[in-house]
2 protein chains.
Amino acid sequence: MRVSLKDVAAHAGVSIKTVSNVVNNYQHVAPAMRERVQRSIDALGYRPNLAARHLRKGRTGMIALALPELGNPYFAELAAAVIDAAAEHDYIVLLDHTGGRREQEILVSQGFRARVIDGLVLSPIELETDDLRDRAENVPLVLLGEREYDLPYDHIAIDNVAAARAAVRHLIRMGRREVAFIGDRRGRSEPAQLRVRGWREELTSAGLSADDGLVAATDGWGHADGAAAMARILETGRRPDAVFAYNDPVAIGAMRVLHERGLRVPEDIAVVGFDDVVEGRFGAVTLTSVSPDKGAIGRLAVQSVLARLGGEAPEPRRIRADFRLIERESTLGRPAGDGPGDA
Amino acid sequence: MRVSLKDVAAHAGVSIKTVSNVVNNYQHVAPAMRERVQRSIDALGYRPNLAARHLRKGRTGMIALALPELGNPYFAELAAAVIDAAAEHDYIVLLDHTGGRREQEILVSQGFRARVIDGLVLSPIELETDDLRDRAENVPLVLLGEREYDLPYDHIAIDNVAAARAAVRHLIRMGRREVAFIGDRRGRSEPAQLRVRGWREELTSAGLSADDGLVAATDGWGHADGAAAMARILETGRRPDAVFAYNDPVAIGAMRVLHERGLRVPEDIAVVGFDDVVEGRFGAVTLTSVSPDKGAIGRLAVQSVLARLGGEAPEPRRIRADFRLIERESTLGRPAGDGPGDA
DNA sequence: ATGAAAGCGCTAACAG
DNA sequence: CTGTTAGCGCTTTCAT
């Protein structure tokens with residue numbers, strides 16, 4: 001069987017407590033004693049039983065991170081950032097995925113999936129404010145991402161409106177006049193609303209049109225969704241000279257359709273994505289994208305949860321992480337039809 | 001504070017044991033009693049303390065899955081498969097990433113990262129047989145992926161040699177005569193050796209050359225590595241008419257360089273990848289790829305770990321998961337120079 | 001069918 | 001500086 005503190009104590013001829021002191025690096029242990037106990041520990045191959053420690057201390061040393069999907073490289077990269085940040089504090093991350101489905105998100109927020117945790121970081125998609133309001137769970141919760149909740153939880157995100165405006169501003173500056181938005185979610189309360197709002201504000205303030213015909217809804221936010229939406233826009237006969245996509249996979253899916261229809265990027269249509277995933281840097285046309293500071297988000301999320309552990313309850317905060325717009329080939333140069341002879 | 005079994009017992013006016021029986025769906029509880037206890041449970045909002053249960057039963061209900069990197073979509077998709085398969089058995093998955101670094105892999109295999117687990121699924125890259133030989137850890141371990149270990153652990157993988165041969169055979173059948181391999185790992189014992197071997201065997205048995213000048217080493221297996229290796233091949237002046245890449249990101253990175261140099265895929269150079277990640281289906285040129293059955297791998301891995309839980313020790317097995325070759329645009333048609341007038 | 005009591009392995013008070 | 005003791009919340013014999 002497994003060797004316990006008691007076994008080590010017997011082997012070393014000391015009390016249990018002394019062994020415990022050594023294991024936990026307690027201050028006042030005579031060096032000779034420490035030495036002797038350590039020898040027994042090594043001899044028996046003792047390893048502390050974490051379940052017992054947890055039971056006793058009421059802490060597990062684990063936090064859960066619940067993301068919509070791991071297959072989206074943005075979330076995968078974010079997960080890596082959180083895992084590393086947590087490791088800095090000797091914390092282990094339990095990863096979960098919700099599929100962006102409300103039921104799953106509720107389950108996670110109530111602690112029904114990952115149950116042995118000290119804290120929870122959740123990136124919701126469909127979750128509603130009310131779902132959180134009667135949360136009968138006391139482990140600290142931190143929210144990630146662009147949905148806004150008027151609730152007493154820390155919320156970490158980049159300024160999505162500002163980021164969207166920056167993306168569209170760049171497009172306008174490059175001479176684009178008709179900018180479509182792809183990735184409004186069809187038939188659900190809008191998780192993409194902030195990006196749509198930024199898109200609309202920037203166009204409007206530049207005196208350009210932002211009518212609904214320029215907004216394409218999707219079911220999800222994968223490559224296939226972007227492709228389908230782009231195809232639909234083209235079928236309406238509309239020919240925007242730029243597309244701002246909800247995220248990079250959507251943008252890349254859209255570019256694929258453009259390619260199939262013989263439309264050139266960026267000459268005919270410029271494309272901007274969101275998230276700056278690696279994939280966007282290696283296509284036939286590299287993708288301009290909004291790049292959130294994933295490392296910072298991960299670090300802030302971990303800090304935020306851990307800060308609430310000791311029963312402390314700092315004021316809930318809305319924390320803004322940084323972002324940058326990375327310009328690449330997909331928005332390079334002015335539109336093809338924009339020459340002097342065309343004016 | 002949290003409510004415990006005792007509180008519920010007091011509230012319902014029964015003994016602790018009876019409450020426990022209800023919570024655990026024990027057979028012999030009078031319906032009326034069950035009803036009454038359940039009411040108290042609901043009233044108090046009782047939730048079992050898992051740490052205590054674990055301490056008592058010696059099981060945690062969690063398995064760890066350690067992957068090289070989450071950022072690689074193949075592993076992200078695989079992780080999703082494992083998480084879902086585990087959920088079927090009421091098991092939670094603790095995800096970890098090793099960066100493919102040997103030290104991390106050793107730590108994981110010894111249980112130093114995720115410690116409260118009933119089992120471990122590890123997908124190693126650099127780990128050596130000896131690192132596992134003196135594993136002083138008794139939680140069941142299952143290995144994933146293409147490295148071969150002569151050790152008493154279950155090992156789940158597709159037949160990498162056969163898969164590589166299928167990929168190269170396809171290339172040959174499409175009229176290619178000089179097939180390069182990209183993604184042999186530079187300066188390490190070879191995790192890619194099975195794929196290289198399959199590549200070599202198939203070329204040789206077709207009477208084609210498989211000399212070392214056709215094998216390009218990389219540092220890692222990301223887009224950038226593929227791009228760098230492709231560039232290096234072209235700089236030697238060699239002009240293969242096909243490339244077989246270690247995985248899809250490497251293939252896509254290589255295609256980007258081909259595109260930059262004005263070489264057409266597949267007309268000038270055909271490309272085959274490995275893993276069939278979503279990204280490969282949406283580039284300007286869609287990517288032919290070997291598609292491992294990720295769902296099956298995930299399911300088998302979970303089954304395999306759980307089978308070893310009850311102290312049972314089935315014979316260690318080498319389990320082969322299925323794969324298919326998905327043909328797409330990157331290998332479509334015969335090489336450009338392969339016309340009748342060229343013979 | 002239900003209750004009483006022991007103990008999983010550990011830490012935290014408190015003594016000594 | 002080290003030893004004793006009392007639980008953390010649960011499951012599990014063993015009685016009843």
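Every chain is numbered from 1 and lettered A, B, ... according to where its sequence line falls, protein lines coming before strand lines. No experiment lies behind these values; they were computed from the predicted model shown.
Shortest non-hydrogen contact noted between A:Asp322 and A:Ile158 is O-CG2, 3.5 Å.
Taking atom CG of residue A:Asp7 and atom C1' of nucleotide C:dC8, one finds them 13 Å apart after rounding to whole Å. Computed from coordinates, the A:Leu50 CG to C:dC8 C1' distance equals 14 Å when rounded to whole Å. As rounded to whole Å, 16 Å separates atom C1' of C:dC8 from atom CZ of A:Arg53. In this structure, CZ of B:Arg36 is placed 13 Å from C1' of C:dA1, rounded to the nearest angstrom. Across the protein-nucleic acid pair, B:Asn21 atom CG and D:dT11 atom P stand 10 Å apart, rounded to whole Å. Straight-line distance from the NZ atom of A:Lys6 to the P atom of C:dG9: 8 Å, rounded to whole Å. Summarising the geometry, the separation between CZ on A:Arg59 and P on D:dC8 is reported as 18 Å, rounded to the nearest angstrom. Atom pair A:His54:NE2 and C:dC8:P shows a separation of 19 Å (rounding to whole Å applied).
Between A:Ser20 and C:dC10 there is no side-chain polar atom (N or O) within less than 4.0 angstrom of OP1 or OP2. Contact check, B:Thr18 against C:dT2: no side-chain N or O comes under 4.0 Å of OP1 or OP2. Between D:dC10 and B:Tyr26, no contact under 4.0 Å exists linking OP1 or OP2 to a side-chain N or O. Of the side-chain N and O atoms in B:Ser4, none sit less than 4.0 angstrom from OP1 or OP2 of D:dG9.
Figure legend: B:Lys294 and B:Phe75 shown without cation-pi pairing, the cationic atom not lying both under 6.0 angstrom from the six-membered ring centre and within 45 degrees of its axis.
Heavy atoms of B:Val29 sit under 4.0 angstrom from primed sugar atoms or phosphate atoms, though from no base atom.
Side-chain proximity of B:Tyr46 to the nucleotides C:dG3, D:dC10, D:dT11 is greatest for D:dC10. Considering only side-chain atoms of A:Ala30, the nucleotide from D:dG3, D:dG9, D:dT2 that sits closest is D:dT2. Closest contact between the side chain of B:Leu5 and the listed nucleotides D:dG9, C:dG3, D:dC10 involves D:dC10. Of the candidates D:dT12, C:dT11, D:dT2, the closest approach to any side-chain atom of A:Ile16 belongs to C:dT11.
When B:Arg308, B:Arg318, B:Arg320 are each tested for a salt bridge (Lys or Arg N to Asp or Glu O under 4.0 Å) with B:Asp154, only one passes: B:Arg308.
Here the straight-line distance linking atom CD1 of B:Ile117 with atom CG of B:Asp96 works out to 9.5 Å at 0.5 Å rounding. How far CG of B:Leu127 is from CD1 of B:Ile125: 10.5 Å, rounded to the nearest 0.5 Å.
Side-chain atoms of A:Arg56 come within donor-acceptor range of the base of D:dG7, with a qualifying N/O pair under 3.5 Å.
Comment: B:Glu126 does not engage B:Arg147 in a salt bridge, judged by the lack of any side-chain N to carboxylate O separation of less than 4.0 angstrom.
When each of A:Ala52 and A:Gly13 is assigned the nucleotide of DNA chain D bearing its nearest heavy atom, the one mapping closer to the 5' terminus is A:Gly13. Along DNA chain C, the nucleotide closest to B:Val14 and the one closest to A:Asn24 are compared, and the more 5′ of them pairs with B:Val14.
By the neighbour-count criterion of 12 heavy atoms within 6.0 Å, atom CG of A:Asp150 is sparsely surrounded, having that number or fewer from other residues, nucleotides or ligands.
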Fill in: Verdict with reasoning, B:Glu35 to B:Arg39, per salt bridge (charged side-chain N to carboxylate O under 4.0 Å, His left out)
CA-CA 6 Å; B:Glu35 169 81 4; B:Arg39 225 192 306 278; 3.4 Å; yes

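Using five terminal pairs a side, the axes of the helix from C:dA1-D:dT16 to C:dG16-D:dC1 at its two ends make an angle of 40°, given in steps of 10 degrees.
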